[in-house]
Amino acid sequence: MGSGLPFRQIDSKLGRVRYLWAFCLIASGATTPSSFVDATATSKIAFSFNASKTPAKYLIEAMGGGVALIDIDGDGLLDVFFVNGAALKAGMRTGDHADKTLPSFWNRVYRNQGHGRFSDVTDLAGLRGSGYGQGVAVGDCDNDGDTDIFVSALDGNALYRNNGSGVFDEITRAAGVAGGGWSTSAGFVDYDRDGNLDLFVARYLDWDFGRNKRCGGEGSARQAYCHPNEYGPVSHLLYRGLGGCRFEDVSESSGIAGSPGKGLGVAFQDLDGDGWPDIFVANDSSPQQVFHNRRDGTFEQVALALGAAYDEDGKVFAGMGVDVADYDNDGDPDLFVNALANQGYALFRNDRGLLDYVSGPSGISAATKLHSGWGTHFLDFDNDGWKDLFVAQGHVMDNIELSQPGLRYQEKPLLLRNVKGKFLDVSAGAGSPFTPVMAGRGAAFGDIDNDGSVDVVVSSNDGPPRFLRNTTSGNYWITIHPVGTKSNRDGIGASVRLVTASGQQFGFVSTAGSYLSAHDKRVHFGLGREREVKLLEIRWPSGIVQTWKNLPANQIFSAKEEAVQ
């Protein structure tokens with residue numbers, strides 16, 4: 001578990017062999033301190049997000065781009081996809097960017113060659129893209145076993161179908177998902193549980209270049225990006241999957257379009273335990289949104305009734321990045337939304353379907369009050385059986401020091417360790433990647449080297465990304481690789497319950513969450529000192545419930561959906 005060598009194996013029949021190998025490493029003392037290392041330089045990832053900043057201070061320049069961890073070629077190793085911007089200039093008018101004629105800076109995809117090295121295969125993969133990109137969603141939209149890619153953008157989105165060898169064809173028009181306006185975070189979800197992945201796309205503001213306003217103080221140095229209150233909300237988009245990566249726009253008929261917002265983050269979970277996935281949208285300086293799945297193809301916006309629309313003082317906050325997971329191991333998924341400096345990040349604890357704001361007693365408020373958060377995720381970085389929190393940080397204003405000297409545009413990433421439901425800031429002792437500042441934006445999570453520890457890739461606005469390789473070891477783990485058959489191939493929407501001698505943990509299969517980014521679909525659990533999983537239970541979207549018993553730790557377990565006889 002400290003070697004950095006990829007397992008490459010996802011066959012449950014080989015689980016015991018992998019367990020014995022990993023156990024010998026631990027027994028021989030081949031462990032490292034709990035920490036991360038900055039593996040950006042050695043990875044050979046040479047990317048930089050180009051915001052194309054102009055004197056006009058177009059708001060989109062401040063938002064950055066997303067990143068995805070995705071196995072594009074089916075070799076069992078996670079590759080890295082980055083969304084990029086496009087060339088802007090002062091004096092742009094309404095519609096100038098709609099036809100995507102402005103030069104793009106190209107998205108980039110890096111193939112994982114193993115041993116921490118990557119190679120740029122963008123041209124071979126056909127993923128250069130066009131326009132000013134924002135977010136990325138990943139999922140197998142045609143159920144052929146190969147993961148496809150959706151890229152959200154300003155004035156038109158794109159869908160790329162994987163042809164099976166890591167080469168992609170753009171099928172946006174035929175798929176019916178071009179959209180329009182300012183699209184941000186997106187995610188695949190099977191909301192109607194029919195076996196075809198659907199697609200949700202959050203949109204941000206009713207804004208375009210011709211209506212960009214001048215904001216801030218006098219003089220060019222004090223000109224600032226406008227507050228989102230200067231622009232109106234817009235409706236989000238929901239596309240129902242018809243199979244074969246074809247979709248129909250059901251934004252109106254589903255009820256989604258009836259609740260416009262200022263969406264930046266998207267996450268899916270079954271919040272009320274009824275077996276149907278709900279949708280959470282993190283909104284910037286407007287009420288947060290929870291779209292409850294009514295199980296008939298329609299949704300009802302219920303954030304206010306659940307207690308998640310506002311902070312504890314009844315105020316709106318700048319919701320940007322979001323994740324939903326069971327941080328206290330009580331069986332109910334909880335909600336985390338980060339915010340802008342001086343607001344504090346929001347943690348909502350799920351108490352039998354109602355969401356309580358617990359940022360204060362959990363330690364979140366004290367650790368985050370002066371910070372601004374974007375990409376985020378619940379991850380068990382030390383494999384102790386409790387989900388910790390990572391947040392990519394940086395203020396939206398690149399000259400914030402002029403108006404608020406106590407704040408900073410570039411910030412260090414934040415790592416909060418979960419100590420049985422209480423969060424402690426352990427960033428200072430977590431290794432070199434947590435020391436340099438950056439304008440953090442998107443963040444994606446997954447075990448890049450298959451060593452049993454979750455790694456992180458963070459995008460930076462107008463700068464290079466950071467690859468945080470997790471070298472923490474000493475505890476046991478298991479990673480569940482879902483393979484749907486009657487359900488969608490990815491198993492997205494499946495609920496996972498794991499039982500060891502120490503207690504229970506819960507997971508949910510999804511590639512969505514964070515900010516503008518997409519994660520590995522595999523569900524990772526830290527097991528602490530437990531060497532065996534006594535029970536693994538998966539409730540598939542199809543309704544099938546499967547169980548496995550007495551699984552050895554330290555393996556990537558392939559869980560294939562099969563009807564119980």
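Predicted model only: the values in this text are computed from it and were never measured.
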| Pairs where residues 403-415 contributes a residue and the test salt bridge (charged side-chain N to carboxylate O under 4.0 Å, His left out) is met, not counting sequence neighbours |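 Counting only pairs at least two positions apart or across chains, no salt bridge (charged side-chain N to carboxylate O under 4.0 Å, His left out) contact touches residues 403-415.
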| request: Write out all pairs satisfying salt bridge (charged side-chain N to carboxylate O under 4.0 Å, His left out) with one or both partners inside residues 330-350, taking only residues at least two apart or from two chains. | output: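 Passing the test, one end in residues 330-350: Asp328-Arg349, Asp330-Arg349.
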| query | Looking at CG of Leu78 and CG of Asp75, how far apart are the two atoms once the value is rounded to the nearest 0.5 Å? | reply |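 With rounding to 0.5 Å, CG (Leu78) is 9.0 Å from CG (Asp75).
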Thinking salt bridges, do [X] and [Y] make one under a 4.0 Å N-O criterion?
| X | Y | value |
| --- | --- | --- |
| Arg522 | Asp447 | no |
| Arg469 | Asp455 | no |
| Asp313 | Lys315 | no |
| Lys44 | Asp120 | no |

Assess the side chains of [X] and [Y]: does a donor N or O sit below 3.5 Å from an acceptor N or O?
| X | Y | answer |
| --- | --- | --- |
| His524 | Thr479 | yes |
| Ser35 | Thr471 | yes |
| Tyr204 | Asp284 | yes |
| Asn283 | Gln289 | yes |

Identify each donor-acceptor pair in which a side-chain atom of residues 418-425 lies under 3.5 Å from a protein atom, sequence neighbours left out, and give them as a table.
from: Asn418; atom 1: OD1; to: Lys420; atom 2: N; distance (Å): 3.4
from: Asn418; atom 1: OD1; to: Gly421; atom 2: N; distance (Å): 2.7
from: Asn418; atom 1: ND2; to: Tyr327; atom 2: O; distance (Å): 2.9
from: Asn418; atom 1: ND2; to: Lys387; atom 2: O; distance (Å): 2.8
from: Lys422; atom 1: NZ; to: Pro361; atom 2: O; distance (Å): 3.1
from: Asp425; atom 1: OD1; to: Ser427; atom 2: N; distance (Å): 3.0
from: Asp425; atom 1: OD1; to: Ser427; atom 2: OG; distance (Å): 2.7

| For Asp270, what residues pass the salt bridge (charged side-chain N to carboxylate O under 4.0 Å, His left out) criterion, not counting sequence neighbours? |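 Not a single residue meets the salt bridge (charged side-chain N to carboxylate O under 4.0 Å, His left out) criterion with Asp270.
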| What pairs with Asp384 under salt bridge (charged side-chain N to carboxylate O under 4.0 Å, His left out), at least two apart in sequence or on another chain? |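 Per chain and number, Asp384 pairs via salt bridge (charged side-chain N to carboxylate O under 4.0 Å, His left out) with Arg417.
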| Matching residue for Leu347 among Ile364, Asn338, Leu416 - test: side-chain contact (heavy atoms from CB on, under 4.5 Å) |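 Single pass found, and it is Ile364.
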| query | Looking only at atom types and distance, does a side-chain atom of Asn383 sit under 3.5 Å from a main-chain N or O of Trp477, one as donor and one as acceptor? | reply |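 Side chain of Asn383 to backbone of Trp477: no pair is present.
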| Sequence neighbours excluded, every pair satisfying side-chain hydrogen bond (donor to acceptor under 3.5 Å, both in side chains) that has a member inside residues 499-509 |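 For residues 499-509, and leaving out neighbouring residues, the side-chain hydrogen bond (donor to acceptor under 3.5 Å, both in side chains) pairs sorted by first residue read Arg497-Gln504, Ser502-Glu530.
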